[in-house]
Q: 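Take this structure first; my questions come after.
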Amino acid sequence: MRCWPPGSSGPPTECPTVRVPGCGRSPAADELSQRLAGVLAVIYLLFNEGYLCSAGDVPQRRDLTDDAEWLAALLARLMPAEPEVLGLLALIRLHRARAATRFDAAGRLVLLRHQDRSRWDHAGIAAAADLVVRAAQQRRPGPYQLQAAIVACHAEAPSWDATDWTQILLLYDALLCHLPSPVIRLHRAIALGRVLGPQAALDETDALAADLDRYHLYHATRAELLRELARPAQARQADERALGLTGNPAERALLEQRLA
């Protein structure tokens, strides 16, 4: 079998068969879930590092995203009855379906609301959405399935304003049952703002200050909400705080553009 996914930076070679004492058995049923969760987490981290690099001047690393998708697809072939595997593969493919519009010709980050949806890979979106449906039919919801469903809502919407924000809000409520993290609550607050208005979203966001004060996207989100509420001076302070907390070149360029 191949050791390396096609199109990646490494050469395709044939893997030798190596037998390691104690490593030849399949994991027991009670071990599989924990091991699978760890594998999925590593694949998703690999994808995220490639999708928006944490260092350097290159905004995306296609080799890393290629490898992450290849690994997720391999798992889906090996474990077709595992809904979280299908959910992760769908999540990766949904993100990649709009990758061509995430940066402009100058390499600047383009936010979702401003992306040219006509350039998205709509066939890829439809195929990934089918994976979400297949996973949901197994009635074992999990965080990757729910995140994929949220991204599918965005990807299938004809415009930012026509997005089904109520459905997204409900999906975030479900996701919080699996991942009760402040970052998920921040994303939920953004959806809440589209349903109930920016003040409701700002109230929810401000409640996360103690947990997310060192997180640049927390301050960038507050800046957006403050601008919607016609509070430009406070919005500028929030953007300056966000700029001071990120070293990502694409994100810094976007924040500097706002401040300019």
Side-chain angles (χ1 to χ4, degrees), residues 1-2 5-8 32-33 36-48 50-52 60 62-102 110 112-113 115-179 184 187-188 190-191 194:
M1 72 182 219
R2 287 185 181 273
S8 68
L32 184 59
S33 177
L36 179 60
V39 170
L40 295 179
V42 169
I43 293 173
Y44 195 38
L45 285 171
L46 176 68
F47 171 74
N48 280 327
Y51 197 57
L52 183 58
Q60 296 186 86
R62 188 180 177 90
D63 56 337
L64 295 181
T65 56
D66 283 347
D67 289 358
E69 182 178 348
W70 182 82
L71 288 167
L74 176 62
L75 268 185
R77 290 196 298 273
L78 294 173
M79 310 176 74
E82 286 293 336
E84 280 292 83
V85 173
L86 298 178
L88 176 59
L89 179 58
L91 180 59
I92 289 173
R93 288 180 172 172
L94 284 163
H95 279 307
R96 298 198 75 185
R98 64 180 183 86
T101 64
R102 292 186 63 242
V110 180
L112 177 60
R113 70 171 71 189
Q115 291 175 15
D116 180 359
R117 295 175 185 237
S118 69
R119 296 177 56 210
W120 290 358
D121 177 4
H122 293 284
I125 289 169
D130 285 343
L131 286 175
V132 177
V133 173
R134 279 178 52 196
Q137 288 171 342
Q138 300 187 44
R139 300 188 180 279
R140 287 185 285 148
Y144 293 110
Q145 297 168 70
L146 291 165
Q147 289 176 84
I150 290 168
V151 178
C153 284
H154 285 295
E156 293 177 329
S159 68
W160 175 262
D161 290 331
T163 303
D164 189 347
W165 291 103
T166 300
Q167 178 65 26
I168 289 175
L169 185 61
L170 292 172
L171 287 167
Y172 272 120
D173 286 339
L175 181 58
L176 280 169
C177 295
H178 296 271
L179 293 175
I184 299 300
H187 288 296
R188 180 190 179 277
I190 296 170
R194 305 304 301 177

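Numbers for residues simply follow the sequence, beginning at 1.
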Q: Looking only at heavy atoms, what is the nearest atom pair of Arg134 and Pro80, with distance?
A: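 In terms of heavy atoms, the two residues are closest at NH2-O, 4.3 Å.
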Q: Provide the closest heavy-atom pair for Ala100 versus Arg119 in the form atom of the first, atom of the second, distance.
A: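 So the minimum-distance heavy-atom pair works out to O-NH2, 3.2 Å.
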Q: With a 4.5 Å heavy-atom cut-off, do Asp121 and Arg98 have their side chains touching?
A: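 No - every pair of side-chain heavy atoms lies 4.5 Å or more apart.
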Q: Using modelled atom types and a 3.5 Å cut-off, is there a donor and acceptor pairing between side-chain atoms of Gln115 and backbone atoms of Val110?
A: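 It does hold such a pair.
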Q: Test side-chain contact (heavy atoms from CB on, under 4.5 Å) on Ile150 and His187 and set out the steps.
A: CA-CA 11 Å; Ile150 290 168; His187 288 296; over 6 Å; no
Q: Under 4.5 Å between any side-chain heavy atoms of Arg117 and Leu112, yes or no?
A: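 A side-chain contact under 4.5 Å exists here.
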Q: How close do Gln138 and Pro83 get, counting heavy atoms only, and between which atoms?
A: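 Nearest heavy atoms, Gln138 then Pro83: OE1-CD, 3.5 Å.
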Q: Assess the residue pair Arg194 and Asp161 against the criterion (salt bridge (charged side-chain N to carboxylate O under 4.0 Å, His left out)); give the C-alpha distance rounded to whole Å, side-chain angles, the decisive distance to 0.1 Å, and a yes or no.
A: CA-CA 9 Å; Arg194 305 304 301 177; Asp161 290 331; 3.2 Å; yes
Q: Can you find a heavy atom in the side chain of Val85 that is under 4.5 Å from one in the side chain of Leu78?
A: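 Side-chain contact under 4.5 Å: no.
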Q: Check the pair Arg140 / Glu84 against side-chain contact (heavy atoms from CB on, under 4.5 Å), numbers first and verdict last.
A: CA-CA 8 Å; Arg140 287 185 285 148; Glu84 280 292 83; over 6 Å; no
Q: Out of curiosity, Phe47 CZ to Leu88 CG, how far, rounded to the nearest 0.5 Å?
A: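 So the gap between those two atoms works out to 9.0 Å.
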Q: Could you tell me the separation between the CD1 atom of Ile92 and the CG atom of Leu131, rounded to the nearest 0.5 Å?
A: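 It is 11.0 Å, given to the nearest 0.5 Å.
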Q: Look at the side chain of Tyr51 and the backbone N and O of His95, then say whether any donor-acceptor pair between them is shorter than 3.5 Å.
A: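 Confirmed, Tyr51 side chain pairs with His95 backbone.
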Q: Rounded to the nearest 0.5 Å, what separates atom CG in Leu45 from atom CG in Leu40?
A: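 Taking CG in Leu45 and CG in Leu40, the distance rounds to 11.0 Å.
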Q: Any side-chain heavy atom of Gln145 within less than 4.5 Å of one from Val132?
A: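 The answer is no; the side chains never approach within 4.5 Å.
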Q: For Trp165 and Trp160, which heavy atoms make the closest approach, and how far apart are they?
A: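 Shortest heavy-atom separation between Trp165 and Trp160 comes out as NE1-O, 3.3 Å.
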Q: Can you find a heavy atom in the side chain of Tyr172 that is under 4.5 Å from one in the side chain of Gln147?
A: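 No; the side chains remain at least 4.5 Å from each other.
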Q: Return the CD1 to CG distance between Ile43 and Asn48, rounded to the nearest 0.5 Å.
A: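 Answer rounded to 0.5 Å: 12.5 Å.
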Q: What distance do Leu94 atom CG and Leu89 atom CG have between them, rounded to the nearest 0.5 Å?
A: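 Leu94 atom CG to Leu89 atom CG measures 9.5 Å (nearest 0.5 Å).
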Q: Can you tell me how far the CG atom of Leu64 sits from the CD atom of Glu69, to the nearest 0.5 Å?
A: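 The distance works out to 13.0 Å.
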Q: Closest approach of Leu171 and Cys153, non-hydrogen atoms and distance?
A: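 Heavy-atom minimum between the residues: CD1-SG, 4.0 Å.
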Q: Any side-chain heavy atom of Asp66 within less than 4.5 Å of one from Arg96?
A: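 In contact.
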Q: Using every non-hydrogen atom in the two residues, find where Ala148 and Gly87 come nearest and quote the distance to one decimal.
A: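 Closest pair (atom of Ala148, atom of Gly87, distance): CB-O, 3.6 Å.
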Q: Any non-hydrogen side-chain atom of Ile168 less than 4.5 Å from a side-chain atom of His154?
A: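 When only atoms from C-beta onward are counted, His154 and Ile168 do touch, with a gap below 4.5 Å.
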Q: Using a 4.5 Å cut-off on heavy atoms from C-beta on, say whether the side chain of Leu71 contacts that of Leu46.
A: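 Yes. Closest side-chain heavy atoms under 4.5 Å.
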